[in-house]
Amino acid sequence: MTTEAPLRSPRELFDLDGRRAVVTGASSGIGERLALVLARAGARVVMVARRAERLQEIRDRHPELAPRLLAEVADLAEPAAPAAVARRAVECLGGCDVLVGAAGMPGRGGVRQFDPPLFERVLHLNVSSQASLASALFEPLRASGVGRVIYVASIFGLAGEETGPLAPYVASKHALVGLMRSQAGEWAPHGISVNALAPAHFPTEMTAHLLEDPVIGPKLLRRYAMGRFGRLEELDTALLFLAAPATSFVTGVVLPVDGGWTCR
Ligand SMILES: NC(=O)c1ccc[n+]([C@@H]2O[C@H](COP(=O)([O-])OP(=O)(O)OC[C@H]3O[C@@H](n4cnc5c(N)ncnc54)[C@H](OP(=O)(O)O)[C@@H]3O)[C@@H](O)[C@H]2O)c1
């Protein structure tokens, strides 16, 4: 005979009031959106990126959320940066419950024209710096009791690109998915879940020129079952699902938000 757990309203299920979050890549695009979504749900958020003026401009644009948005300027490609960011974020927030890793860079090119410095830069920022920051936040995430790590991977962490070689980027996002799976197994006994979002194409500084290109845009669209690219706000609920304390039995998963791109 099992006792029935109390039913919670959607508001209670997704409430992040008082949670402490670190979001990298928060100065634009997906990371900016995810930082704002967490703040709107009640979290205090340390937004990490290199461009101080962009972080300030986001706070100015959202005065109602500004008290919960803190800016941390850092170049995560610098070897010492992830540990320093983690230390300052924990000082500001008094701990950490959620880490969202959205900082990333593109990397075009094929393997025939193998470009070692480019591969290293892309893998370093898109994978190693993510692991390094997560590692530096392990103790506060463990102490939280509801620690959540959410990496922003990509559909290119699940499949290759068909409209042109993108080897460094595809390799990095597959590696990030691998990192997530390995870390999920390692950190589950400590009460920390580790998952990944896998967005398809969303218009951002990284992608807008491709999506709007009269040749490349339609080629990319062909694989979309829904026949269109994503809208940034369509990532909101996927993020809240993975960040919510109520999502207590989900770890090691990749959640595509892709308009049916991966079903093709
Ligand atoms: N847009 C898409 O279609 C799409 C699809 C799937 C996955 N993604 C992934 O989503 C993430 C965000 O990309 P986006 O599309 O939103 O592009 P974006 O607008 O160009 O955002 C990239 C973010 O990463 C930050 N960043 C880059 N290098 C950094 C560094 N060395 N140190 C600290 N921060 C750094 C940038 O901030 P600063 O320049 O201020 O440092 C910026 O906030 C990336 O991981 C990307 O791979 C994007």
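On a predicted model such as this, the values are computed, not experimentally measured, just so you know. For ligands, and for the atoms within them, numbers begin at 1 and follow the listed sequence.
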When you check the gap from the basic side-chain N to the acidic O, do [X] and [Y] get nearer than 4.0 Å?
X	Y	value
R61	E32	yes
E161	R223	no
R51	E205	yes
D97	R148	no

### Query
So which of Q130, M180, Q183 actually passes side-chain contact (heavy atoms from CB on, under 4.5 Å) with V149?
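Exactly one option meets the side-chain contact (heavy atoms from CB on, under 4.5 Å) with V149, and it is Q183.
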
### Task
Applying salt bridge (charged side-chain N to carboxylate O under 4.0 Å, His left out), run through E234 and R231 and close with a yes or a no.
CA-CA 5 Å; E234 291 177 311; R231 304 180 190 112; 3.6 Å; yes

Hey, does [X] sit under 4.0 Å from ligand 1 if you only count heavy atoms?
X	answer
V152	yes
A74	yes
A153	yes

### ligand 1 versus E32: contacting region, heavy-atom distance under 4.0 Å
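The answer is neither; E32 stays 4.0 Å or more away.
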
### Message
Please classify the A26 to ligand 1 contact at 4.0 Å (heavy-atom distances, strictly less than): side chain, backbone, both or neither.
### Response
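The backbone, only.
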
Can you name the atoms of ligand 1, numbered from 1 with element, that are less than 4.0 Å from a heavy atom of [X]?
X	answer
T207	1 (N), 2 (C), 3 (O)
D75	30 (C), 31 (N), 32 (N)
Y169	7 (C), 8 (N), 9 (C), 46 (C), 47 (O)
G29	16 (O), 19 (O)

Check whether any N or O atom of [X], backbone or side chain, sits under 3.5 Å from an N or O atom of ligand 1, and answer yes or no.
X	result
L76	yes
L125	no
I155	no
G31	no
R50	yes
H201	no

So which protein heavy atom does [atom] come closest to, and at what separation?
atom	value
atom 5 (C) of ligand 1	A200 O, 2.9 Å
atom 42 (C) of ligand 1	S28 OG, 3.4 Å
atom 44 (C) of ligand 1	A102 O, 3.2 Å
atom 13 (O) of ligand 1	M206 CE, 3.7 Å
atom 6 (C) of ligand 1	P199 O, 3.3 Å
atom 14 (P) of ligand 1	T204 OG1, 3.5 Å
atom 22 (C) of ligand 1	G104 O, 3.9 Å
atom 23 (C) of ligand 1	G25 CA, 3.6 Å

### Query
Does atom CZ of R228 have more than 12 heavy-atom neighbours from other groups under 6.0 Å away?
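Correct, the count exceeds 12.
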
### Message
Would you say that more than 12 heavy atoms from the other residues, nucleotides or ligands in this model lie under 6.0 Å from the CZ of R11, or not?
### Response
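At most 12 heavy atoms, drawn from other residues, nucleotides or ligands, come within 6.0 Å of this atom.
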
### Task
Determine whether I58 and V73 fall in the same hydrophobic cluster, where Ile, Leu, Val, Met, Phe, Trp and Tyr are linked whenever their side-chain heavy atoms lie under 4.5 Å apart.
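Yes: a chain of side-chain contacts under 4.5 Å links I58 to V73.
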
### Message
Contact between L137 and V90 at the side-chain level, heavy atoms closer than 4.5 Å - yes or no?
### Response
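Yes; the side chains approach each other to less than 4.5 Å.
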
Nearest heavy atom to [atom] wins, so pick from [options].
atom	options	result
atom 1 (N) of ligand 1	Y151, F156, F202	F202
atom 48 (C) of ligand 1	I30, L197, L211	I30
atom 43 (O) of ligand 1	G107, S27, A49, P203	S27

### Message
If only side-chain N and O atoms count, and only distance matters, is there a donor-acceptor pair under 3.5 Å linking R19 with S144?
### Response
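No donor-acceptor contact under 3.5 Å links the two side chains.
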
### Query
Does any N or O in the side chain of S27 come within less than 3.5 Å of the main-chain N or O of A49, such that one atom is a donor and the other an acceptor?
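Pair absent, no side-chain N/O of S27 close to backbone of A49.
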
### Query
When the ring planes of H201 and F156 are compared, do they come out parallel, tilted or perpendicular, using 30° and 60° as the limits?
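Judged by the thresholds at 30° and 60°, the geometry between H201 and F156 is perpendicular.
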
#### Entry: Y224/F229 aromatic ring centres below 6.0 Å
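That pair passes the under 6.0 Å test.
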
### Task
Before giving the answer on side chain to side chain contact (heavy atoms under 4.5 Å, CB included), spell out for V250 and N195 the whole-Å C-alpha distance, their side-chain angles and the decisive distance to 0.1 Å.
CA-CA 8 Å; V250 176; N195 295 291; 4.0 Å; yes

